[in-house]
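What follows is one structure encoded as structure tokens, with my remarks underneath.
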There are 2 protein chains.
Amino acid sequence: MARAGLTAERLTQAAADLADEVGVENVTVAALARQFGVKDASLYFHLRNAHDLRVRIALLALAELADRVAEALAGRAGKDALVAFANAYRDYARRHPGRYAAMQIDLDPETAAASAGIRHAEMTRAILRGYRLSEPDQTDAVRMMHSTFHGFVSLERTGGFRHTPRPTDESWARALDALDAVLSNWPSR
Amino acid sequence: MARAGLTAERLTQAAADLADEVGVENVTVAALARQFGVKDASLYFHLRNAHDLRVRIALLALAELADRVAEALAGRAGKDALVAFANAYRDYARRHPGRYAAMQIDLDPETAAASAGIRHAEMTRAILRGYRLSEPDQTDAVRMMHSTFHGFVSLERTGGFRHTPRPTDESWARALDALDAVLSNWPSR
DNA sequence: GTAGTAGCCTAGCTCTCCTAGGCAAACGAT
DNA sequence: ATCGTTTGCCTAGGAGAGCTAGGCTACTAC
């Protein structure tokens, strides 16, 4: 019998692709094993359990997204950087709905600390250099930006905007204009 | 044998409470049946399937949230209304994490159209009357507001803000200030 | 009081998750 | 080359979830 050559990395990659196709909630150990022509029990040699598999997808997605954003951000500043960041973020979420959804699962603190989530925070702060905000305004602004991006993408995906005909691309562009405006003139106390 | 007196409504209510305690993903037909001292098969007389149960929780939550928001909004206008809406929204999400999570599941279009989601959209538009925005700016502003609220609450819940010590209440207040500022001076083209 | 329906039951299937223990392929050392 | 040793996948099987089919019993209407 030839071996399938499984590794945690290959499994995670395949699981992430599967998530994009059928949704994270349908990423099961059994389905993944089937894709490799292997019995489900065999995967437990490489994975702790089903939850572990989903966490791995989340970490993969966080790292991938951080890469895309870093690339988009290179050499840009100010509103240009803001828009590039935002579009890279939204693009990734739309191209990889399953990966994006996986990113939303609760990571326990130490896993989260070791994840690429930290890079996101750093890059978001980098954007704000163009807007000259000091603490604690900077943190507040980072949180608002992230909220807007995540909220918009998430509502768009679950169909929260469907009841109005207005193209979401337009609303997205205006939201970025609005963010730029408010960051340029942050209402500090 | 005495009957348990099950109805779809009672089941949904109990399921929603269960969701708040253990998370939507752990709301199972079997667990719900156990709470009523009944066999799981019995619930299929009142529910189509497990997904149907979750949809019912989502619809219940949407209606409840719309009620809270409507109450909070009564007699207020302008920034006052904005803050009241936002706080009612965030409060509900924090008090009822399971219900809130259930609200995020994809509803098929006709179910969504019949849901209280519509009331949310109407109330959000009502707030904007204080800011004198006309279409399509109004739709864009509604979408941005909703994105900010949902994004913030959702990130707060999944621990997305944990890596910075700044109290989230402060950031929330500043985000509302920022929203008020940008709505007061919406950057239309 | 009896017919009919509504409400809950048991039995049983499929699927997923996961553990324990077995066997064979790959590999390093002699 | 061959002989352990490790590594990788296997079979077997149990627990629990989802769901269906069909049976029995408590109410309800007449």
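Quick caveat, the model's predicted, so the values are computed rather than measured. Naming: A, B, ... by sequence-line order, numbering from 1 per chain.
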For the side chain of [X], counting heavy atoms from C-beta on, which of [options] is nearest?
| X | options | answer |
| --- | --- | --- |
| A:Phe45 | C:dC9, D:dG8, D:dG18 | D:dG8 |
| B:Arg34 | D:dA17, D:dC9, C:dT16 | D:dA17 |
| A:Val38 | C:dC9, D:dC10, C:dC17 | D:dC10 |

I'd like a table of donor-acceptor pairs (distance under 3.5 Å, sequence neighbours excluded) in which one partner is a side-chain atom from residues 67-74 of chain B, with atom names and distances.
from: B:Asp67; atom 1: OD1; to: B:Arg119; atom 2: NH1; distance (Å): 3.3
from: B:Asp67; atom 1: OD1; to: B:Arg119; atom 2: NH2; distance (Å): 2.9

Nucleotides 18-23 of chain C: protein proximity per nucleotide (B base, S sugar-phosphate only, - neither; heavy atom, under 4.0 Å): BB----
Pairs involving residues 77-89 of chain A, ordered by first then second residue, that meet salt bridge (Lys or Arg N to Asp or Glu O under 4.0 Å) (sequence neighbours left out): A:Arg76-A:Asp80, A:Lys79-A:Asp177
Sequence neighbours excluded - salt bridge (Lys or Arg N to Asp or Glu O under 4.0 Å) pairs with any residue from residues 35-55 of chain B: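 Of all non-adjacent pairs touching residues 35-55 of chain B, those that pass salt bridge (Lys or Arg N to Asp or Glu O under 4.0 Å) are B:Asp52-B:Arg56.
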Give a yes/no answer on whether the side chain of [X] brings an N or O atom under 4.0 Å of OP1 or OP2 in [N].
| X | N | answer |
| --- | --- | --- |
| A:His46 | D:dT7 | no |
| B:Ser42 | C:dG7 | no |
| B:Thr28 | D:dG16 | no |

Atom [atom1] of [X] to atom [atom2] of [N]: distance rounded to whole Å?
| X | N | atom1 | atom2 | result |
| --- | --- | --- | --- | --- |
| A:Gln35 | D:dC9 | CD | P | 16 Å |
| B:Leu6 | D:dA26 | CG | C1' | 14 Å |
| A:Leu18 | C:dT16 | CG | P | 12 Å |
| A:Leu43 | C:dT16 | CG | P | 12 Å |
| B:Glu25 | D:dG18 | CD | P | 13 Å |
| B:Arg54 | D:dG18 | CZ | P | 7 Å |
| A:Lys39 | C:dT16 | NZ | P | 12 Å |
| B:Asn26 | C:dC17 | CG | P | 14 Å |

Set of residues satisfying ring pair (Phe, Tyr, Trp, His ring centres under 6.0 Å) with respect to A:Phe152, sequence neighbours excluded: A:Phe161, A:Trp172
Candidate pair B:Thr168 and B:Glu156, rule side-chain hydrogen bond (donor to acceptor under 3.5 Å, both in side chains), full reasoning: CA-CA 8 Å; B:Thr168 53; B:Glu156 187 179 16; 2.9 Å; yes
For B:Arg132, salt bridge (charged side-chain N to carboxylate O under 4.0 Å, His left out) partners two or more places apart: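 By the salt bridge (charged side-chain N to carboxylate O under 4.0 Å, His left out) rule, B:Arg132 matches no residue at all.
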Reference residue B:Tyr100; test ring pair (Phe, Tyr, Trp, His ring centres under 6.0 Å); the match among B:Phe149, B:Tyr92, B:Tyr89: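 In the set B:Phe149, B:Tyr92, B:Tyr89, the residue that makes a ring pair (Phe, Tyr, Trp, His ring centres under 6.0 Å) with B:Tyr100 is B:Tyr89.
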